[in-house]
Amino acid sequence: MYVFGLDGVPPELVDAGIDAGRLPNFERMRAEGTDGTTRSTVPPLSMIAWSSFATGRNPGNHGVYNFMLKDAGGYDTEFVTADTLREQSVPVWEYLDAEGLRSGVMNVMPGYPPSRTAGFHISDNITTPPSGSYAYPDELEADIEDRVGEYDVDPYESYDDGTDEGNLGDLLDTFFEIERKRIAVAKLLVEEYPAAFYSLVFSGPDNVLHVLGHVLNEDHPKHDPGVAARHRDKPLELLELYDDFLGWVMDEIGDDDTLMVLSDHGHGPIYQTINLNSWLYSAGYLDLESRPWTRLKQFGYNHIYDAVETVMSELNLFSKLKMGVARTSGDGSGPDLAELLTISRKDIDWNRTAAFTVASGGQIYLNTDDHDEGAISPGNYDEIRDRLRDQLLAIEHPERGDRVIDSVLYGEDVYGDAFADTRPDLVCMPAPGYQIQYPQTMKTNRVFGEPPKTGSHTSMNEMNGIFYAWGGPVKNESGVTVDLTDFAPTACSLLDVPVPEEMDGDVRGDVVDVESRRSRYDGKVEAKRAVREVVGGLSAE
Amino acid sequence: MTDFTLPPDLSDRYESLADRLDGFDDADELARYVLDGAAAELERGGDGGAVAADGDSANDDVVEDRLEQLGYLEK
């Protein structure tokens, strides 16, 4: 089974390419196989979405709610890695491994450290450190470097918002070059690294669409017709690269094999951001410490920061200063400039805070009495949460006049109870064109701001990605909606492996001709992990 | 296939583990699975660990930078 992920491709982009006759292999998949859309997670962020793809579980059942997770009962956060996913869940390739099948994985988020199950695993663009070993087995990394060239695990140098056309052209050239190499790597893997299940993800579409929101949307405030004329074809040009690759795969695979292509969410223009903690502050749900340094920082951000930013940006120093500040934090080797200069969680007066957010994406936590300094008891939880929800739904943009939050969902309705200790209490879905942010450089008197990228995936408009299936077992259907949790159980069934009971997704019998059975065998995964730990320890010694 | 018999003390422990671990009917099945897996790992060579080698941990500063560059986080 071959599954290729194209991160962030909206269905209408492929439709346009097919209509223009530029994506013949997508067109063939549509004509001979099944096409439709995927349904992403809430919110539609890649880390959550690919975690559901990998595990066949809803976010509430794998516990990866965001790129960073809040501690249970506390206010600190930690970034998600592949270890987080392994500790809280089981990726499908470990179930397949437990049943004796090899898997091949590339760039599925979170991917670092790479799994050492049978087959191969290449880690992802977000969690892989520059000096880390990005591939398993080790000889794969050397093979890639020898035969394809450098595998860039850190492709986001100079990744600005794309509104500087000179830099935009360079960014696009860089991303195209990276994707050409990734496709060469994928061909090497398919040809020479046998596996029963391939799951290879390309980040190029998401990377490119993030900086083209103003180019592709004529209503975007930063839209320039001249710039648009020169760059608006880039997304389709990129899809043509993948289309060629898919044609090559269709020639390579056997008659009984299955090919699936999906994206984890769509993409759309972003006009404005909402600083959720600033809004919570202004609405009286969040308070800052009254100590002088915090008040001084607050004054600085509200009244001086913009002028400093403007001057330093003109001198091309501002981004370097921010990076410098950020890099001094947390390692214990010197002053924590980030904490000193930014308004961080350490400036929040938790005794006087009822609600807060810890990451972008609109997830809100109530400061319940199971937190270190929380005071909201079960008796007043519903009243406070419902009042906050009503106020969130009523937020209007002061100039545009539109409501900025479409829906506010209860955490338990979206995520269930498996990881209730770290689950958000509310999830806000913004209106199209808005992005809910969490900047540490918090201007308490400013709720709305310019977006860091002109394109993104935040609202219900970007909840759907592409889905195409083709090959021996694939039926000829159109217009199906596939949940991201459906891929893993469907893969198990196609490979004649029991579907783990722990998976939430469905085996898509409407897409492929397959019989399925469910079983509970997490113990086999646990036994395999233990064996690897013991043998690995022996080998290391 | 060669049958093997677990010593009584191991058999009891494996029986208890087989009851706890989903996917195994009895001690013999679990023992065979563990032995087969260990042999496969030894045949693969290398470190064979379930996770990356010591020192291969994600770097929070790097992740933070990338999330900021992608527009998911602002410092």
Side-chain angles (χ1 to χ4, degrees), chain A residues 45 67 78-79 81 83 86 98 112-114 116 118 125-130 132-133 137-138 154 156 159 161 210 322-323 325-327 329-331 338 342 359-361 435 437-441 451-453 456 519-524 526-529 531-537 539-540, chain B residues 1 4 6 9-75:
Chain A
L45 290 172
F67 287 97
E78 60 182 46
F79 290 108
T81 69
D83 286 338
R86 270 194 286 265
Y112 189 85
R116 306 208 163 198
N125 288 346
I126 300 294
T127 60
T128 308
S133 177
D138 294 341
D154 194 9
Y156 301 121
Y159 193 33
D161 68 354
H210 270 306
K322 285 179 78 175
M323 283 296 179
V325 167
R327 287 197 173 112
S329 64
D331 62 2
T342 63
S360 298
Q435 181 174 6
Q437 288 290 83
Y438 151 73
Q440 283 193 338
T441 49
K453 293 281 182 286
S456 199
S519 179
R520 195 175 291 279
Y521 56 105
D522 274 31
K524 285 190 171 180
E526 197 176 331
K528 267 277 170 90
R529 289 178 175 181
V531 165
R532 288 209 169 93
E533 285 288 343
V534 171
V535 176
S539 301
Chain B
M1 184 183 296
F4 67 95
L6 288 169
D9 57 329
L10 273 184
S11 182
D12 289 347
R13 291 171 67 188
Y14 270 67
E15 199 65 58
S16 170
L17 281 170
D19 285 343
R20 183 173 71 78
L21 295 172
D22 293 327
F24 299 104
D25 288 337
D26 53 39
D28 284 352
E29 187 184 355
L30 171 59
R32 184 178 296 281
Y33 190 83
V34 168
L35 287 171
D36 182 52
E41 288 306 314
L42 290 167
E43 285 163 2
R44 286 169 80 188
D47 52 24
V51 296
D54 287 348
D56 275 1
S57 57
N59 182 321
D60 282 357
D61 288 346
V62 170
V63 174
E64 194 171 28
D65 285 353
R66 290 180 185 156
L67 293 178
E68 181 177 37
Q69 287 157 340
L70 279 161
Y72 299 131
L73 183 151
E74 276 183 67
K75 292 165 187 156

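Residue numbers start from 1 in every chain, and the chains themselves are labelled A, B, ... in the order their sequence lines are given, proteins ahead of strands.
Of the two parts of A98(A), the backbone and the side chain both hold a non-hydrogen atom closer than 4.5 Å to a non-hydrogen atom of chain B. Contact of K453(A) with chain B is made through the side chain alone, with heavy-atom distances under 4.5 Å. Neither the backbone nor the side chain of E78(A) comes within contact range of chain B; no heavy atoms are under 4.5 Å apart. Proximity to chain B is absent for every atom of D161(A), based on heavy atoms less than 4.5 angstrom apart. Both the backbone and the side chain of P130(A) come within contact range of chain B, judged by heavy atoms closer than 4.5 Å. There is no contact between S519(A) and chain B, counting heavy-atom distances below 4.5 Å.
Rounding to the nearest 0.5 Å gives a distance of 10.5 Å between CD of E41(B) and CD of E533(A).
Using modelled atom types, one side-chain atom of T127(A) and one backbone atom of Y112(A) make a donor-acceptor pair closer than 3.5 Å. At least one donor-acceptor pair under 3.5 Å links the side chain of R529(A) to the backbone N or O of R86(A).
Taking 4.5 Å as the limit, every side-chain heavy atom of R66(B) sits out of range of all side-chain heavy atoms of Y72(B). Proximity of L21(B) to K524(A): side-chain heavy atoms (C-beta onward) are nowhere separated by under 4.5 Å.
Heavy-atom minimum distance, L67(B) versus F79(A): CD1-CE2, 3.6 Å.
Interface remark: of the candidates V62(B), L70(B), N59(B), L70(B) forms the most heavy-atom pairs closer than 4.5 Å to chain A. Highest contact tally toward chain B, considering only L45(A), T81(A), I126(A), is held by I126(A) [criterion: heavy-atom pairs under 4.5 Å].
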